[in-house]
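Heads up: the structure comes next, in structure tokens.
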Amino acid sequence: MGSSRANGHGLGRRDLIKRSAAIGLVTVPTMSFLASCASSDSGSDDKPEKKGTKSKKNPLGVNESAPLDFVLFDGGFGSEYGKDAVAIYEKNFPKAQVKFTPTQKIQSTLQPRFNGGTPPDLIDNSGAEQMDMGVLVGKKQLADLTPLLDAPSYDDPAKKVRDTLRPGIVEMGQYEGEACYVFNYAYTVYGVWYSQTNLDKLGVEYPETWDDMLEVCAKAKKKGIAGWTYAGKYPYYIPFSLFPFIGKIGGRKVLDAIDNLEPNAWKDPAVKAGFEAYYELYKKGYVLKGTPGLDHIQSQTEWTQGHALFIPNGSWVENEAAKTTPKDFQMKVAAPSSLDSSDALPFGTLWASGGEPFIVPKNAKNPDGGMEQLRIMLSEASSKNFTQKVKSLSALNGGTDGLELSTALQSGIDALDKAGENVLNPRLQDWYVDLNKQKIGVGAIGEMMAGRMTPAEAIKKCQDFADAAAKDDSIPHYKHR
């Protein structure tokens with residue numbers, strides 16, 4: 001297997017992974033995104049609702065009779081947690097009429113409303129049709145959520161909302177200066193997901209090195225089981241484990257340079273090593289046949305049915321795949337394996353950050369109500385309800401006391417504990433949505449993992465896409481501070 005342990009010469013994986021010839025090339029169309037809806041300060045004749053009276057029970061001064069319009073992405077987390085939080089809002093403001101709309105069609109549903117200057121008051125902007133938040137921020141379409149962050153928390157008026165949040169939540173919503181435009185309600189652990197039961201059946205442990213990963217995959221292949229699968233139709237899921245793998249190899253500075261759209265950032269040796277390692281999964285036949293044609297649900301189903309050992313994903317997968325997951329599956333998540341001993345960061349380094357982004361449009365009629373709905377969702381009761389129902393942590397720091405945690409949720413907490421300070425937070429996915437998903441995800445990484453592009457070709461494509469974005473004056477640009 002070319003292991004550095006086997007050859008006795010101390011060579012790392014970087015020296016042993018060889019390039020392979022290109023098999024072909026497919027041109028992938030990209031989606032134009034919010035081209036029209038992000039015109040600056042679009043407005044309408046509809047006036048915002050009048051402010052209400054501030055009080056201890058109503059610190060944001062919500063107009064108690066103003067309607068509330070809440071659109072929630074009905075995806076991996078479902079919509080029940082949102083419906084439950086709305087019920088609390090209705091109880092607190094019985095004169096208010098609340099329109100709650102779960103949907104998977106975020107962009108197609110809401111783009112006309114942004115164009116017309118009549119957006120909802122609160123939006124869960126997620127899913128395949130997620131609106132580009134970098135563009136929304138740059139075009140002044142979103143309200144600053146600082147009033148929410150500085151408001152008294154729902155459970156303890158002595159604490160501000162911002163003081164009850166998990167590390168990084170506020171920073172994730174900041175794009176320029178101190179203003180916070182996006183609130184990520186879930187706290188997502190990204191990584192390599194697996195079934196402890198299926199590993200036990202194979203007689204293996206989770207592989208902490210890439211050599212061990214290949215050995216496990218080889219053993220699985222002999223049993224007719226694939227090592228990996230992924231959302232082939234949405235290959236931007238692959239970076240959920242590939243990006244922290246690259247960051248582990250070369251350090252967080254490599255991912256920061258990619259986020260910053262720096263020249264030659266994708267040509268870093270850590271990127272090359274990471275891409276070549278993942279391409280080896282394809283070359284050795286360790287990826288489930290037909291994976292490039294699977295969507296996220298289909299790939300997760302293949303995985304829960306035991307046809308593949310590993311899948312790159314986020315912690316929403318437990319809830320999203322619940323219907324097909326066997327009771328004895330013992331779902332868990334782990335950090336990416338180490339490439340070799342020269343990695344910049346230790347095993348356990350992973351990607352974890354806020355997820356499920358909520359926004360309050362600047363032109364909303366009842367932005368105070370939208371923020372108050374979020375304040376309610378950040379109560380301990382709502383947070384526990386969210387965790388119980390969708391098997392994911394919320395942005396509230398804590399909120400799990402007294403809960404019986406699943407193996408998946410407990411493994412996520414354990415993974416965070418093991419990572420310690422070595423938690424990475426790539427921003428490409430929220431700074432440049434189209435670049436991350438359609439271009440780099442679909443047009444490069446997806447092509448490589450399907451065998452239609454070599455790692456070298458994929459890296460060149462990524463750099464070309466990034467360079468084009470950096471030169472594109474029509475989109476806002478952001479940098480790590």
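These numbers come from the heavy atoms of this one structure, side chains and all, not from hydrogens, waters or symmetry mates.
Atom-to-atom distance recorded for K391:NZ and Q410:CD is 14.0 Å, nearest 0.5 angstrom. To the nearest 0.5 Å, atom CG of residue L396 and atom CG of residue D155 are 7.5 Å apart. Going from atom NZ of K248 over to atom OG of S241 covers 13.5 Å, rounded to the nearest 0.5 Å. The CD atom of E447 sits 14.0 Å away from the CD1 atom of I440 when rounded to the nearest 0.5 Å. Atom CG of residue L428 and atom CG of residue L261 lie 7.0 Å apart, to the nearest 0.5 angstrom. For the atom pair CG of N363 and CZ of R113, the computed distance is 12.0 Å after rounding to the nearest 0.5 Å.
Evaluation of the ring pair (Phe, Tyr, Trp, His ring centres under 6.0 Å) rule for F73 yields no partner, not counting sequence neighbours. Every residue two or more places apart in sequence or in another chain that forms a salt bridge (charged side-chain N to carboxylate O under 4.0 Å, His left out) with E372 is listed here: R375.
Of the possible polar contacts, none joining the N397 side chain to the T164 backbone as a donor-acceptor pair under 3.5 Å is found. A donor-acceptor contact shorter than 3.5 Å is absent between the side chain of S383 and the backbone of S379. Put simply, the side chain of H477 gets close to the backbone of A469: a donor and an acceptor are under 3.5 Å apart. Counting only distance, with no hydrogens or angles, the side chain of Q438 and the backbone of G443 share no donor-acceptor pair below 3.5 Å. A donor-acceptor pair is defined here as one N or O able to donate and one able to accept, closer than 3.5 Å; no such pair exists between the side chain of D124 and the backbone of F358. Between the Y237 side chain and the H296 main chain, no donor and acceptor come within less than 3.5 Å of each other. For Q373 (side chain) and A85 (main-chain N/O), a donor-acceptor pair under 3.5 Å exists by modelled atom type. When atom types are taken as modelled, the side chain of D343 and the backbone of L345 share no donor-acceptor pair closer than 3.5 angstrom. Within the 3.5 Å criterion, the main-chain N or O of S392 finds a donor-acceptor partner in the side chain of T387. In terms of modelled atom types and a separation under 3.5 Å, the side chain of N125 and the main chain of P357 share no donor-acceptor contact.
None of D69, D121, N63 except one satisfies the side chain to side chain contact (heavy atoms under 4.5 Å, CB included) rule with K365; the exception is D121. Of the candidates N92, L68, D368, T53, V62 forms a side chain to side chain contact (heavy atoms under 4.5 Å, CB included) with just one, namely D368.
Between F114 and L136 there is a side-chain heavy-atom pair separated by less than 4.5 Å. With contacts defined as side-chain heavy-atom distances shorter than 4.5 Å, the pair D163/S153 does not qualify. In this structure the side chain of L165 reaches within 4.5 angstrom of the side chain of F183, judged on heavy atoms. Looking at heavy atoms from C-beta onward, S299 lies in side-chain contact with I311 at the 4.5 angstrom threshold. At a threshold of 4.5 Å between non-hydrogen side-chain atoms, the residues Y89 and P94 do not count as touching. With contacts defined as side-chain heavy-atom distances shorter than 4.5 Å, the pair Y230/L242 does not qualify. Looking at heavy atoms from C-beta onward, I106 lies in side-chain contact with M131 at the 4.5 angstrom threshold. Looking at heavy atoms from C-beta onward, P157 lies out of side-chain contact with K56 at the 4.5 angstrom threshold.
Considering all non-hydrogen atoms of both residues, I249 and A273 come closest at CD1-CB, 4.4 Å. In terms of heavy atoms, A444 sits closest to A458 at CB-O, 3.8 Å. Heavy atoms only, all atoms of each residue included: K105 and T103 are closest at N-OG1, 3.0 Å. P120 approaches L110 most closely through the heavy-atom pair CG-CD2, 3.6 Å. Annotation for E276 and P455: closest pair CG-CB, 3.9 Å, computed over non-hydrogen atoms. Between D434 and D132, the shortest heavy-atom distance links the atoms N-OD2, 3.8 Å.
Note on ring orientation: taking the six-membered ring where Trp is involved, the planes of W316 and F240 are perpendicular (angle over 60°, cut-offs 30° and 60°). The aromatic rings of W266 and F275 stand perpendicular to each other, their planes meeting at an angle above 60°, with 30° marking the opposite boundary. Ring-plane geometry between F245 and Y278 is classed as tilted, the angle between the planes lying from 30 to 60 degrees on a 0 to 90 degree scale. Between Y185 and F386, the angle of the ring planes goes over 60°, which puts this pair in the perpendicular group of the 30/60° scheme. Using bins of under 30°, 30° to 60° and over 60° for the plane-to-plane angle, the ring pair F77/Y81 lands in the perpendicular bin.
In this structure, R427 does not pair ionically with D259, as no charged nitrogen and carboxylate oxygen lie closer than 4.0 Å. Between D150 and R162 there is a salt bridge, since a side-chain N of the basic residue sits under 4.0 Å from a carboxylate O of the acidic one. Under 4.0 Å is where a charged nitrogen must lie from a carboxylate oxygen, and between K460 and D464 at least one such pair does.
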Self-check item: Verdict with supporting geometry, Y190 and N313, side-chain contact (heavy atoms from CB on, under 4.5 Å)
Solution: CA-CA 6 Å; Y190 302 96; N313 222 312; over 6 Å; no
Quiz item: Could you walk me through whether L72 and F100 pass the side-chain contact (heavy atoms from CB on, under 4.5 Å) check?
Solution: CA-CA 8 Å; L72 181 132; F100 177 63; 3.8 Å; yes
Quiz item: Stepwise, does the side-chain contact (heavy atoms from CB on, under 4.5 Å) test hold for I376 with S382?
Solution: CA-CA 7 Å; I376 290 170; S382 288; 4.1 Å; yes
Quiz item: Do S315 and Y187 pass the side-chain contact (heavy atoms from CB on, under 4.5 Å) test, and can you show the C-alpha distance, the side-chain angles, and the key distance before you say yes or no?
Solution: CA-CA 8 Å; S315 46; Y187 197 73; over 6 Å; no
Exercise. For T325 and T304, run side chain to side chain donor-acceptor pair (under 3.5 Å): C-alpha distance rounded to whole Å, both residues' side-chain angles, the deciding distance at 0.1 Å, then the answer.
Key: CA-CA 5 Å; T325 304; T304 55; 4.8 Å; no
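Remark: the S474 side chain and the D472 side chain contain an N/O donor-acceptor pair separated by less than 3.5 Å. Side-chain contact, E129 with S108: a donor N or O sits under 3.5 Å from an acceptor N or O.
Residue Q97 qualifies as open at atom CD: its count of foreign heavy atoms under 6.0 Å is 12 or below. By the 6.0 Å contact criterion, NZ on K384 is enclosed, its count of non-hydrogen atoms from other residues, nucleotides or ligands being greater than 12. Summarising the local packing, NZ of K479 is surrounded by more than 12 heavy atoms from other residues, nucleotides or ligands at distances under 6.0 Å.
Residue pairs that meet the salt bridge (charged side-chain N to carboxylate O under 4.0 Å, His left out) test with at least one member in residues 78-104, sequence neighbours left out, are E80-K389, D84-K389.
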